[in-house]
Amino acid sequence: MNYAALNKKILGKVMAAIGIINNPEVTPDVRQLNQEILLREVGKEVYNKVYDMNAFDFGIEGTQGEGMDTSYYGMAKVASDSISAGGKGKTLETTVQNYLDNVTGQAQRHAVRNAKETGNRPKVIRISDGETCDWCDKMAGTYTDPSPEVFRRHRGCNCQIRTEGYKSRNGLVKNYVAQPRDFAQPKSVEQSFELDKVKTMSLKQRNAYVEKYLEKASPIAAPLAKDWDFTLQFQTFDHLTWEDAADPDLVSKYVAAFKKGDKFPPIIALNFAKTNAQGLTTNNFSILDGRHRIEAMRQLGATGVPVLVGDVKGRFPGLDELL
Amino acid sequence: MATENQNRYIADLVVLKLKEFKEVKELLLSSGIIGENAETVQRAETIAEITNALTELQASQFIDRLIALPEPKRDTSYSQKRVLAAGAALDDITEDIRSWDFNTL
């Protein structure tokens, strides 16, 4: 089965979603972050589905968790960087297609590896398609013990990577039923936080809201927040840092509450941004309040959360060295 | 040809200082930095294609022009309508993927 063919069915919709996000009136870092989140989410779904279909074919268990290893989150970032660095039309489409095809290849590779470990004998067939390169020609062939290279693709690679198990070889795949997704997560991260109220607040109201909230939640941090301006942003977990470890019992309570549909205030963080010699800035968000909510969201399969970010850039030079 | 460092720096700067891809071409053409490679630049679909068409000197001049530009005024968040539209698009894609089966192939 050439699973990469499935990606062509969603490519148009993914490009349309990128079009919605790519609003030039919004700062590039926010655009890039949202593109990255979109690609991660789509990549995760593609991985899960392709793994699941392969698992059915090979007679092994389907995905039991989030399913996508973090190296492919890095790929979403690379694809998102490529999009942000400019480009349009076919070029942009090729970048996204390449990302999805590589995620598909990764799912096929993991399913084949796991099937072999359980004593199955899946087959991998790589076929060069149309105009191709020497490397693709060299990789073409039928494999019963494929190396990871067999599943790799370069940009614009149209090779077919077919994986076959007992069921597809014997015409038994018609009975396929998708694996139930028992790792239920909130339908939307946005829906799990009290954003309606915060979104409509003026800057002054928002600052007062943060200060009042921190007085109860984190009295030590409250005076810190007093003079900073807070904006609501959506941030991925890899941009967020905190010092104290999360209490597992409290995290479990949050997981249950999120699953039930309870809403919580957004995370509060300060941005200790660093600017390099060329004047380019890298964000570094330090959490004041909300590390348990973040950990709970992560366990539920989310990749980012809404954060009220206080910007300290340039206001207190040298403060980050003191903290 | 522009160096690797110039290419990366230009890619970062154009994202920071300009709003749309076409503005990169417009700036290059209007500044008179490029002459004989104007057609290559006009046909380009990526920043990489543009920077590949520049000499080291032209890239350096282009960087100077970009640095001199003021950063455009932009929002740090999307409108609620756009957030909802992006969320709905993702839900739609997710639904499509989850409905895939062997008949879809």
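Only heavy atoms go into these numbers, but all of them, side chains included; no hydrogens, no water, no symmetry mates. In what follows, every chain begins at residue 1, and chains take the letters A, B, ... in the order their sequences are listed.
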Under 4.5 Å from any heavy atom of chain B, what part of A:Tyr3 do you find: side chain, backbone, both or neither? both
Could you tell me whether A:Lys44 and A:Glu41 make a salt bridge, using a distance below 4.0 angstrom between a side-chain N and a carboxylate O? yes
Taking only residues two or more places apart in sequence or in another chain, which ones pass side chain to side chain donor-acceptor pair (under 3.5 Å) with B:Asp75? none
Validation row: B:Ile10, B:Leu54 side chains within 4.5 angstrom (heavy atoms): yes
With a 6.0 Å cut-off (strictly less than), is the heavy-atom count around NZ of A:Lys263, excluding the residue itself, greater than 12? yes
Contact class of B:Val24 relative to chain A, heavy atoms under 4.5 angstrom: neither
I'd like to know whether B:Leu66 forms a side-chain contact (heavy atoms from CB on, under 4.5 Å) with B:Tyr9, so could you lay out the CA-CA distance, the side-chain angles of the two residues, the decisive distance to 0.1 Å, and finally the verdict. CA-CA 10 Å; B:Leu66 285 167; B:Tyr9 194 28; over 6 Å; no
Is A:Leu6 close to chain B through its backbone or its side chain, or both, or neither, when contacts mean heavy atoms under 4.5 Å? both
Engaged part of A:Asn2 at the chain B interface, taking heavy atoms whose separation is under 4.5 Å: backbone
Answer with side chain, backbone, both or neither: which region of A:Asp196 has an atom nearer than 4.5 Å to a non-hydrogen atom of chain B? side chain
Does the A:Asp229 side chain pair with the main chain of A:Asn207, one donor and one acceptor, at a distance under 3.5 Å? no
Heavy-atom cut-off 4.5 Å, strictly under: side chain, backbone, both or neither for A:Val14 against chain B? both
Any idea which of A:Thr231, A:Ile21, A:Val46, A:Val50 has the most non-hydrogen atom pairs under 4.5 angstrom with chain B? A:Ile21
When the 4.5 angstrom heavy-atom criterion is applied to B:Asp101 and chain A, the contacting part is both
